[in-house]
Visitor: 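After the structure tokens below, expect a handful of questions from me.
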Amino acid sequence: MAIEVNGKSFETDEEGYLADLSEWNPEIAAVMAEADECDLSENHWEVINFLREYYEEYQIAPAVRVLTKAIGKKLGKDKGNSKYLYELYPYGPAKQACKYAGLPKPTGCV
Amino acid sequence: MEDEEYTGGIEKKIIYVNRRAPHGTVYALESLETVLIGAAFDQDVTMLFLDDGVFQLKKDQAPEALEFKNFSKTYRALEMYDVEKLFVEQESLAERGLAQDDLVVDVELVARKDVGALINDQDVVLSF
Amino acid sequence: MSTLNVLNKSPFEKKTMEQCLARLADGDSVLMIEDAVVAALADTAIASQLESVGAAHALYVLEPDLAARGLSSSSRLAAVKVVDYSGFVELATTHERVHSWL
């Protein structure tokens, strides 16, 4: 599978996760979100950028429980909770936001 | 399988015994991934690094040159997955000219003579 | 609280057996299967080492793996007991845990 962004094609797996995370750019995230009818706000981008930094540091896409805890630590308790994150990413904060961030599907996510 | 009883509520003490150097074989990465996936099931997890397994925790790994993922960074995420019991055998380090300072994470050292007892304190042994 | 340690590598090819034997706890047993069965033979270079381990720990060898290698009637170390598959299963149930050394 592949995704078209600005006339360029990027390879994805069968669930739409980017094959090569080094190819990622913000427009890819925007196109993926549009396909899900999700309007990316500042708050969405905050999670996407957090995930990219997390991956850079630990080489892993965090499980949702770990993501929630880590967001709380970095961005405060009002954001480090399931309610807030599921409102932003109704398909599952780890799964959906990781996809937009160009990361693989979180380890331990079935 | 409708007669099968759901046993997911039982917490077991599981020790992962890691004895292979990383990158040459897939054992180290498989072990780490199993631990991370298993962390969702609220088990009491211990990781033990013996023999060449101590090389898994060596600082400054750069397997990107081989186009392998640098999963040595991931050991530092284990704490966030509530995996906090990391043991390294003292003699295995010394035999390989390594010290605790050479490792990417804080670990507890265990003497060779006490490894058997550490394993015997567990319910399940998984060897990688 | 003993462990059944299962070994399947020849001590003449890999260090696994030596590495396992160095970490046995009191009451632990050792079962040799597949290529590890060669360690059960008498007169090998490691026979005396195995005999001394056998003084403190129960040692077992899996018969079908001896037979497959033509070693069933070869003389064995006195410390080693021979088991068949049902003996293997029994050992697994009479120890609290099984540690298969890779």
Visitor: So how far is it from B:S92 OG to C:R23 CZ, rounded to the nearest 0.5 Å?
Guide: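 Answer rounded to 0.5 Å: 4.5 Å.
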Visitor: Any heavy-atom pair between the side chains of B:R20 and C:L102 that's under 4.5 Å?
Guide: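 In contact.
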Visitor: Is the count of non-hydrogen atoms from other residues, nucleotides or ligands lying under 6.0 Å from B:N70 atom CG greater than 12?
Guide: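 Yes, enclosed.
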Visitor: Please tell me if the side chains of B:D51 and C:K15 come closer than 4.5 Å, counting only heavy atoms from C-beta onward.
Guide: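 The answer is no, as the side chains (C-beta and beyond) never meet within the 4.5 Å cut-off.
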Visitor: Is there a side-chain contact between B:I119 and C:H99 (heavy atoms, below 4.5 Å)?
Guide: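 Side chain of B:I119 against side chain of C:H99, heavy atoms only: contact under 4.5 Å found.
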Visitor: Go through the atoms of C:T3 and report whether side chain, backbone, both or neither lie under 4.5 Å from a heavy atom of chain B.
Guide: both
Visitor: At a heavy-atom separation under 4.5 Å, does B:E89 approach chain C through its side chain, its backbone, both, or neither?
Guide: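 Side chain of B:E89 only, per the 4.5 Å heavy-atom cut-off to chain C.
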Visitor: Give a yes or no on whether B:K13 atom NZ has more than 12 heavy-atom contacts from other residues, nucleotides or ligands under 6.0 Å away.
Guide: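 Yes, enclosed.
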Visitor: Does atom OH of B:Y27 have more than 12 heavy-atom neighbours from other groups under 6.0 Å away?
Guide: no
Visitor: Which residues from residues 120-128 of chain B are near chain C, with near meaning under 4.5 Å between non-hydrogen atoms?
Guide: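 Residues of residues 120-128 of chain B touching chain C at under 4.5 Å: B:N120, B:Q122, B:D123, B:V125, B:S127, B:F128.
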Visitor: Quick check: closest heavy atoms across B:G116 and C:A25, and the distance to 0.1 Å?
Guide: C-CB, 3.6 Å
Visitor: Please check if atom CD in B:E79 has more than 12 non-hydrogen atoms from other residues, nucleotides or ligands closer than 6.0 Å.
Guide: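 Open: at most 12 neighbouring heavy atoms sit under 6.0 Å from CD of B:E79.
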Visitor: Heavy atoms under 4.5 Å from chain C: which residues of residues 94-114 of chain B carry them?
Guide: B:R112
Visitor: Near C:D26 CG, under 6.0 Å, is it more than 12 heavy atoms from other residues, nucleotides or ligands?
Guide: no
